[in-house]
Amino acid sequence: MTAVFRQTDPLTAVSRIDFGRVSVFFGQKNGKYPDGNQVLIRGTDTRAAFDTPIVANHIGPEFDATELVVMGHVHEDHMAGLHRLPAAAVHVHEADLPAAQGWDGMLKAFGMTDPAVIQDMLAKFQRDFFYAPRPDARGYVDGARWDLGRTGIRAFHMPGHTAGHTVLLVEPEGVAFIGDIDLTGFGPYYGDAGSSLRDFRRSLARLPDIPAKVWVTSHHRGVYTERERFLRDLAAFAAKFDERAQRLLDLLRESPKTLAQLAQHRMLYPPGYESPWVVDAETRTISQHLVELLADGQVQVDGRGVYRTA
């Protein structure tokens, strides 16, 4: 299979790479958030898309002809092109389905409860991501398959980032859309209410077993065609788990701290970075590490919620 690079419309400067019937359209800065990378598949019977990032709005007729959208997971940046496809069938892993179907489901997945934050987020999503829920979306399960005509899709449920996060493999091309297992230096994100550190660890351990020749990330990295480079970056991405745990231990060796105090030190975001969801995301991320450290006997917590090294 030969990869073919080309550019679509020079006015929009959307570049692409083709692998047989699969095309990857690159968002701004290789799909760096808030944008993403768009995968389109041209079956002889059905034209399909994986997720719909901001760049979907700049591709044109080739994207707008999409008949089936298979979501690898549900977050605002992966829904930014759905408003262009009102007639397309939308399929979402059943664990993420409520988040795709309505705003209440999205909020539950995020874990947001503050009314002021909720209103600000909705306004931002509508303004920046053309947010439009899909109550017509249907659920799928691990192992689901779609026959598009001379090519097909197979689903590998790999939760952690979200409860329904799924890797989508195009066969026979061997192109795996690994979504927000994006292998960036930021590291894994598991700060939503539906996220799971434990599941994320397991998913990353399983990922190399998928029979792929090409790996496509939603963000930043883009496309991997060399397995050695993919495995190297995957190992660095997975190492962030233990790096964060070690940072927590170092902070607690300095002095005992509450969960709220630890969240102020930031595990995910740079110190001083502020956004409506940051404290909640940091708190959920750190609390999951503390559960592991407590279970391993490396930390203790007293009745006032103060953590210290064992």
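Heavy atoms only: backbone and side chains are in, while hydrogens, waters and symmetry mates are out.
- In this structure, the side chain of Asp114 engages the main chain of Ala116 through a donor-acceptor pair within 3.5 Å.
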Given the rule in the side-chain contact (heavy atoms from CB on, under 4.5 Å) test, do Ile118 and Leu107 qualify, once you have shown the distances and angles that lead to the verdict?
CA-CA 8 Å; Ile118 287 169; Leu107 291 176; 3.7 Å; yes
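- For an aromatic pair to be called close, the ring centres must be under 6.0 Å apart, and Tyr190 with Phe241 satisfies this.
- With hydrogens and angles disregarded, a donor-acceptor distance shorter than 3.5 Å links the side chain of Lys240 to the backbone of Gly185.
- Between the side chain of Asp147 and the main chain of Gly149, a donor-acceptor pair closer than 3.5 Å is present.
- With respect to the salt-bridge test (charged N to carboxylate O, under 4.0 angstrom), the residues Glu62 and Arg42 qualify.
- At a threshold of 4.5 Å between non-hydrogen side-chain atoms, the residues Glu76 and Asp128 do not count as touching.
- His289 has its side chain within reach of Leu197: a pair of non-hydrogen atoms, C-beta onward, lies under 4.5 Å apart.
- In this pair, Tyr33 and Phe129 present their aromatic rings tilted. The plane angle is within the 30 to 60° band.
- Nearest heavy atom pair, residue Asn37 against residue Gly27, reads OD1-N, 3.2 Å.
- Put simply, the side chain of Leu169 does not reach to within 4.5 Å of the side chain of Ile153, judged on heavy atoms.
- Salt-bridge annotation for Arg308 and Asp302: present, with a side-chain N of the basic residue lying under 4.0 Å from a carboxylate O of the acidic one.
- Distance CG/Asn57 to CZ/Phe63: 7.0 Å, rounded to 0.5 Å.
- The minimum heavy-atom distance linking Ala99 with Ala109 is given by the pair CB-CB, 4.2 Å.
- The closest side-chain donor-acceptor pair between Ser23 and Arg16 falls under 3.5 angstrom.
- Using modelled atom types, no side-chain atom of His161 and backbone atom of Ser195 make a donor-acceptor pair closer than 3.5 Å.
- Evaluation of the side chain to side chain donor-acceptor pair (under 3.5 Å) rule for Asp250 yields Gln246, Arg253 as partners, not counting sequence neighbours.
- For Glu254, the CD atom counts as densely surrounded, since its 6.0 Å shell holds more than 12 non-hydrogen atoms of other residues, nucleotides or ligands.
- Few gaps surround NZ on Lys257; more than 12 heavy atoms of other groups in view lie less than 6.0 Å from it.
- Summarising the geometry, atom CZ belonging to Arg284 is positioned 11.0 Å from atom CG belonging to Leu259; distances are rounded to the nearest 0.5 Å.
- Looking at every heavy atom in both residues, Asp35 comes nearest to Pro53 through OD1-CB, 4.0 Å.
- Just one residue in the list His78, His157, His93 forms a ring pair (Phe, Tyr, Trp, His ring centres under 6.0 Å) with His73, and that residue is His78.
- Residues Met121 and Tyr273 fall within the same hydrophobic cluster, defined by Ile, Leu, Val, Met, Phe, Trp and Tyr side chains chained together at heavy-atom separations under 4.5 Å.
- Put simply, the side chain of Ile181 does not reach to within 4.5 Å of the side chain of Trp215, judged on heavy atoms.
- Taking CG of Asp120 as the reference point, atom CZ of Phe125 lies at 11.0 Å (rounded to 0.5 Å).
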Stepwise side-chain contact (heavy atoms from CB on, under 4.5 Å) check, Gln288 with Arg198
CA-CA 8 Å; Gln288 293 180 75; Arg198 181 187 63 179; over 6 Å; no
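- Taking 4.0 Å as the cut-off between side-chain N and carboxylate O, Arg201 and Asp199 do not count as a salt-bridged pair.
- Side-chain contact check for Thr184 versus Lys32: every heavy-atom pair is 4.5 Å or farther apart.
- In summary, Arg145 and Glu171 engage in a salt bridge, as defined by a charged side-chain N under 4.0 Å from a carboxylate O.
- Two residues are said to be in side-chain contact when any heavy atoms from C-beta on lie closer than 4.5 Å; Ile17 and Phe25 fail this criterion.
- Proximity of a side-chain donor or acceptor of Gln298 to a complementary backbone N or O of Thr309 within less than 3.5 Å is not detected.
- Considering every non-hydrogen atom in both Leu148 and Ala48, the closest pair reads CD1-CB, 3.8 Å.
- Aromatic ring centres of Phe186 and Tyr269: separated by under 6.0 Å.
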Apply side-chain hydrogen bond (donor to acceptor under 3.5 Å, both in side chains) to Ser218 and Asp182, showing your working.
CA-CA 6 Å; Ser218 289; Asp182 52 22; over 6 Å; no
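- Using bins of under 30°, 30° to 60° and over 60° for the plane-to-plane angle, the ring pair His75/Phe110 lands in the parallel bin.
- In terms of heavy atoms, Pro34 sits closest to Asp77 at O-CB, 3.6 Å.
- In this structure, the side chain of Ser203 engages the main chain of Pro159 through a donor-acceptor pair within 3.5 Å.
- Note: Arg232 CZ to Phe237 CZ = 15.0 Å, rounded to the nearest 0.5 Å.
- In this structure, Arg206 contributes its side chain and Phe156 its backbone to no donor-acceptor pair below 3.5 Å.
- Between His91 and Trp146, the angle of the ring planes lies from 30° to 60°, which puts this pair in the tilted group.
- The side-chain heavy atoms of Val74 and Met79, taken from C-beta on, include a pair separated by under 4.5 Å.
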Yes or no on side-chain contact (heavy atoms from CB on, under 4.5 Å) for Leu207 and Phe230, after CA distance, side-chain angles and deciding distance?
CA-CA 11 Å; Leu207 184 57; Phe230 162 68; 3.8 Å; yes
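- Follow the hydrophobic side-chain contacts under 4.5 Å out from Met158 and you never reach Val70; the two are in separate clusters.
- Inter-residue side-chain proximity for Phe50 and Val216 is flagged as unmet; no heavy-atom pair is nearer than 4.5 Å.
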Using the ring-ring contact (aromatic ring centres under 6.0 Å, His included) rule, take Tyr189 and Phe200 through it: C-alpha gap first, then chi angles, then the decisive distance, then the call.
CA-CA 9 Å; Tyr189 178 89; Phe200 219 147; 9.1 Å; no
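- To the nearest 0.5 Å, atom CG of residue Leu268 and atom OG1 of residue Thr285 are 4.0 Å apart.
- Val278 and Val117 fall within a single hydrophobic cluster, where Ile, Leu, Val, Met, Phe, Trp and Tyr side chains are chained together by heavy-atom contacts under 4.5 Å.
- Closest approach of Gly72 to Tyr140, counting heavy atoms only: CA-OH, 4.3 Å.
- Summarising the local packing, CZ of Arg138 is surrounded by 12 or fewer heavy atoms from other residues, nucleotides or ligands at distances under 6.0 Å.
- Looking at Asp180 and His219, their side chains do bring a donor and an acceptor atom within 3.5 Å of each other.
- Of the possible donor and acceptor atoms, one in the side chain of Gln38 sits under 3.5 Å from a partner among the backbone N and O of Asp51.
- Hydrophobic clustering (ILVMFWY, side-chain heavy atoms < 4.5 Å, transitive): Tyr224 and Phe177 are in distinct clusters.
- To the nearest 0.5 Å, atoms CG (Leu262) and CD (Gln264) are separated by 10.0 Å.
- No donor-acceptor pair closer than 3.5 Å links the side chain of Asp233 to the backbone N or O of Leu183.
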Would you please test Thr52 and Val69 for side-chain contact (heavy atoms from CB on, under 4.5 Å) and show each step?
CA-CA 8 Å; Thr52 60; Val69 178; 4.1 Å; yes
